[in-house]
Amino acid sequence: MLTMRGKTVLVTGATSGIGRITALALAGMGARVLVHGRNPAKLEATVAELRAGSGGEVEGLVADFASLADVRRLAALVRARTDRLHVLVNNAGGAVMERTLSQDGIERTLAVNHLAPFLLTNLLLDLLKGSAPARIVNVASEAHRGGRFSFDDLQNERRYRAFQVYGQTKLQNVMFTYELARRLTGTGVTVTAVHP
């Protein structure tokens, strides 16, 4: 059986779905898993469930990805809890049916699905490099194939269609993955985009 003993992992958006299952599997392999969620009560329940289901070391970290200040605070919390990070799973995301703005005045789907993981990754990059071999996994989507965006309307102010905007942000995730992988060649940090 594959072991992750001695490895520290951060999984964003880990209170449900793919993030929760990923965190459970990694904890079951012996990893120390830092799980992120935006709802404190839901996060607390998830941490208890993951600990009981895996017997592993699981810790919760609260942050709202619609706030870049919260993303910065999350990175600081990770640094305060560990000096090693072997895996970063950028899973948090979603789609907003009607155009709304984040706390920073950014279209919410763009803020949560792309800008937040982009910022978090960059804030933790030296920690990942120092823990190499390390891995960054960006949860994208086949929806990226329909993603089109205009540089003169990145926040979709003129036309907002939820699924197209979602695909646009997933295309940005894929593009970020390819460029980051190129920049990290030879560092021992692998970067991958996955379609769940």
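In this chain, residues are counted from 1 in sequence order.
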Answer yes or no: is there a donor N or O on one side and an acceptor on the other, between the side chain of [X] and the main chain of [Y], under 3.5 Å?
X    : Y    : value
S131 : R84  : no
H36  : G13  : yes
R72  : S67  : no
D104 : I106 : no
R79  : L123 : yes
R108 : E98  : no
N113 : G94  : yes
H86  : T8   : yes

Taking [Y] as the starting point, is it possible to reach [X] by hopping between hydrophobic residues whose side chains are less than 4.5 Å apart?
X    : Y    : answer
Y166 : I18  : no
M175 : L110 : no
F65  : L77  : yes
V78  : L68  : yes
V89  : V71  : no

Any side-chain heavy atom of [X] within less than 4.5 Å of one from [Y]?
X    : Y    : value
L10  : L61  : yes
T46  : R20  : yes
R81  : R32  : yes
F118 : Q172 : no
R38  : D70  : no
S102 : V112 : no
L120 : L88  : yes
L125 : L184 : yes

Q. Given the rule in the side chain to side chain donor-acceptor pair (under 3.5 Å) test, do T121 and N90 qualify, once you have shown the distances and angles that lead to the verdict?
A. CA-CA 8 Å; T121 300; N90 284 313; 2.9 Å; yes
State, to 0.1 Å, how close [X] and [Y] come at their nearest heavy-atom pair, and which atoms those are.
X    : Y    : answer
V174 : A140 : CG2-CB, 3.8 Å
G188 : A132 : O-CB, 3.7 Å
V11  : G19  : CG1-O, 3.6 Å

Would you give the length of the straight line joining atom [atom1] of [X] to atom [atom2] of [Y], rounded to the nearest 0.5 angstrom?
X    : Y    : atom1 : atom2 : answer
R51  : E59  : CZ    : CD    : 7.0 Å
T177 : N138 : OG1   : CG    : 3.5 Å
R5   : E57  : CZ    : CD    : 11.0 Å
T192 : Y178 : OG1   : OH    : 10.0 Å
T109 : Q164 : OG1   : CD    : 12.5 Å
L24  : M29  : CG    : CE    : 9.5 Å

**Q.** Audit row: D126, K129, salt bridge (charged side-chain N to carboxylate O under 4.0 Å, His left out) steps and yes/no
**A.** CA-CA 5 Å; D126 62 329; K129 287 179 184 177; over 6 Å; no
Q. Would you call the rings of F176 and H114 parallel, tilted or perpendicular, where under 30° means parallel and over 60° means perpendicular?
A. perpendicular
(Q) Please evaluate residues K7 and V87 with respect to the criterion side-chain contact (heavy atoms from CB on, under 4.5 Å), reporting the C-alpha separation (whole Å), side-chain torsions for both, the decisive distance (0.1 Å), and the verdict. (A) CA-CA 8 Å; K7 306 293 184 188; V87 181; 5.8 Å; no
Q | With L26, the side chain to side chain contact (heavy atoms under 4.5 Å, CB included) member among V58, V33, V35, L50 | A | V33
Q.
Can you confirm whether the side chains of N91 and T22 place a donor and an acceptor under 3.5 Å from each other?
A. no
(Q) Atom CD of residue position E179 - does it have more than 12 heavy atoms of other residues, nucleotides or ligands inside 6.0 Å? (A) yes
